[in-house]
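Bear in mind the structure is a predicted one, so any value in this text is a computation, not a measurement.
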Amino acid sequence: MKSTNLKKAEPKKRKSSWKKTAVKTAGLFLGLLILWFMVKDIIIHWEDIVPYLANMKFPLFLLSIMVYGVAFLFTGYNWSWLLWKMEKGPGRREYLDVHMVSALARYIPGGIWSIVGKAYLCNRKGVTAQAATASIILEYVFQIISSSLFFVVLVPFLLQGRENVWLIPVCFLAVVAALLVLPLCINWGIRLLSRILKKDCGDICLKKGFVYQALFRYAGAWLVTGAGLIVLVLAFSDINAMEGIYLMLSYPVSWVVGFLSPSPNGMGIREGILRILLGDRQAKELVLLIVVTTRIWTILGEAAAFLGFKAYYLATGRKGKDVKISES
């Protein structure tokens, strides 16, 4: 009987594997196609882009990389806080080391090495599989939900005009309503991502206080990221306050769409969405420069944060005393 059941299950596995491969291939093709059109546009408008590059304020460019590096560390610290709340283990310093190492695995082809690496390194540090899995899923849930709040605030900017003034109070009420039902949505999201990632999180039910605290931590990380993006754009061109706010609201939205897409690390998709959101708010050549530069900006920021943290981690000793943090 057992061998019969195994034989019946094989076609399903092959079918599922075929679907996953097809989706990943389609995502890769779409991402490359979007990038190809962008590169084509850059070549066409290259003469108009050159002045921005020639007048680039290099100190501001370096500052933007440092700010993004702080945002990257902030996000890692948020995950270490989530895991620490579920299992104290070796402490947040060691958990942050796991995040910094595994996060860079996103750039390895396959798209799963960041998750696999994080689970493996957690296991090496003695963290239970359930706590590690739950923290990974919670990280994605809070990143998606927090970026969605930015989208709600962005809607009135997308539909500017006197006839759309009524959207401002509607969006405000939508944010308030979303915050009220957030704990329920978070717990539903955990169950959904558990099925998607095929991971067992046990019967996790988060308290309201924990949900709101985590949400504001991740929203804070997005705000720091947005500040870094503003500095990046200022390195190439002057912008007013409203344009800066729009940039800060747009990036989390483009990130989450890229994250949810089948394209590896959101390649092409994130840039395409960001270009659509920025639209004609700046000159076309500046938008193209911003969209392409953001990918380089994030890679350099993550590398700077990684090297800085590893230098601290090694200098203080692998088993250095972890900072004692209260339960609050």
Side-chain angles (χ1 to χ4, degrees), residues 27-72 75 103-104 106-109 111 147 150 154 158 222 224-240 243-306:
L28 178 61
F29 175 77
L30 179 61
L32 290 174
L33 184 64
I34 293 173
L35 287 178
W36 182 80
F37 277 111
M38 284 188 184
V39 171
K40 185 179 177 182
D41 272 352
I42 288 172
I43 293 172
I44 293 172
H45 296 89
W46 180 246
E47 290 185 2
D48 296 320
I49 292 174
V50 168
Y52 289 104
L53 293 172
N55 297 316
M56 183 182 73
K57 303 175 185 71
F58 196 69
L60 283 180
F61 181 72
L62 289 178
L63 178 60
S64 72
I65 293 172
M66 294 301 105
V67 175
Y68 183 80
V70 171
F72 184 60
T75 303
L104 296 183
R106 295 196 311 272
Y107 299 104
I108 300 175
S147 62
F150 280 81
L154 180 65
L158 293 173
W222 282 126
V224 177
T225 302
L229 181 57
I230 291 172
V231 177
L232 174 67
V233 177
L234 285 172
F236 297 106
S237 175
D238 293 333
I239 57 173
N240 58 44
E243 289 171 337
I245 293 172
Y246 193 85
L247 282 167
M248 187 174 285
L249 294 173
S250 298
Y251 188 79
V253 177
S254 66
W255 180 91
V256 78
V257 175
F259 171 76
L260 294 174
S261 73
S263 177
N265 201 24
M267 181 186 65
I269 307 296
R270 184 197 304 172
E271 288 81 4
I273 295 298
L274 185 59
R275 182 179 178 183
I276 291 171
L277 291 175
L278 295 181
D280 57 355
R281 293 179 181 273
Q282 282 94 19
K284 184 175 183 179
E285 56 272 12
L286 178 59
V287 171
L288 285 169
L289 183 60
I290 293 170
V291 168
V292 173
T293 308
T294 51
R295 180 68 65 166
I296 301 169
W297 168 65
T298 57
I299 292 173
L300 292 177
E302 290 175 8
F306 174 80

Is there a side-chain contact between [X] and [Y] (heavy atoms, below 4.5 Å)?
X	Y	value
Ile290	Leu232	no
Leu53	Ile49	yes
Arg270	Phe259	no
Met248	Ile230	yes
Leu274	Val253	no
Leu229	Trp297	yes
Phe236	Thr293	yes
Glu271	Val292	no

Nearest 0.5 Å, what's the [atom1]-[atom2] distance between [X] and [Y]?
X	Y	atom1	atom2	value
Phe58	Leu63	CZ	CG	12.0 Å
Met56	Ser237	CE	OG	13.5 Å
Leu62	Leu300	CG	CG	9.5 Å
Ile44	Lys284	CD1	NZ	7.5 Å
Asp238	Lys57	CG	NZ	5.0 Å

Keeping the roles fixed (side chain from Tyr68, backbone from Ala305), state whether a donor-acceptor pair exists under 3.5 Å.
no
Side chain to side chain contact (heavy atoms under 4.5 Å, CB included) for Leu278 and Tyr246? Distances and angles first, verdict last.
CA-CA 8 Å; Leu278 295 181; Tyr246 193 85; 4.2 Å; yes
Describe, in one word, how the ring planes of Phe150 and Trp222 are oriented to each other, choosing from parallel (under 30°), tilted (30 to 60°) and perpendicular (over 60°).
perpendicular
Nearest heavy-atom neighbours spanning [X] and [Y]:
X	Y	value
Leu277	Ser250	CD1-O, 3.6 Å
Ser64	Gly228	CB-O, 3.4 Å
Val224	Ala71	CG1-CB, 3.7 Å
Val67	Ala227	CG1-C, 4.2 Å
Ala304	Ile65	CB-CG2, 4.4 Å

Evaluate ring pair (Phe, Tyr, Trp, His ring centres under 6.0 Å) for Trp255 paired with Tyr251, printing each intermediate quantity in order.
CA-CA 6 Å; Trp255 180 91; Tyr251 188 79; 8.3 Å; no
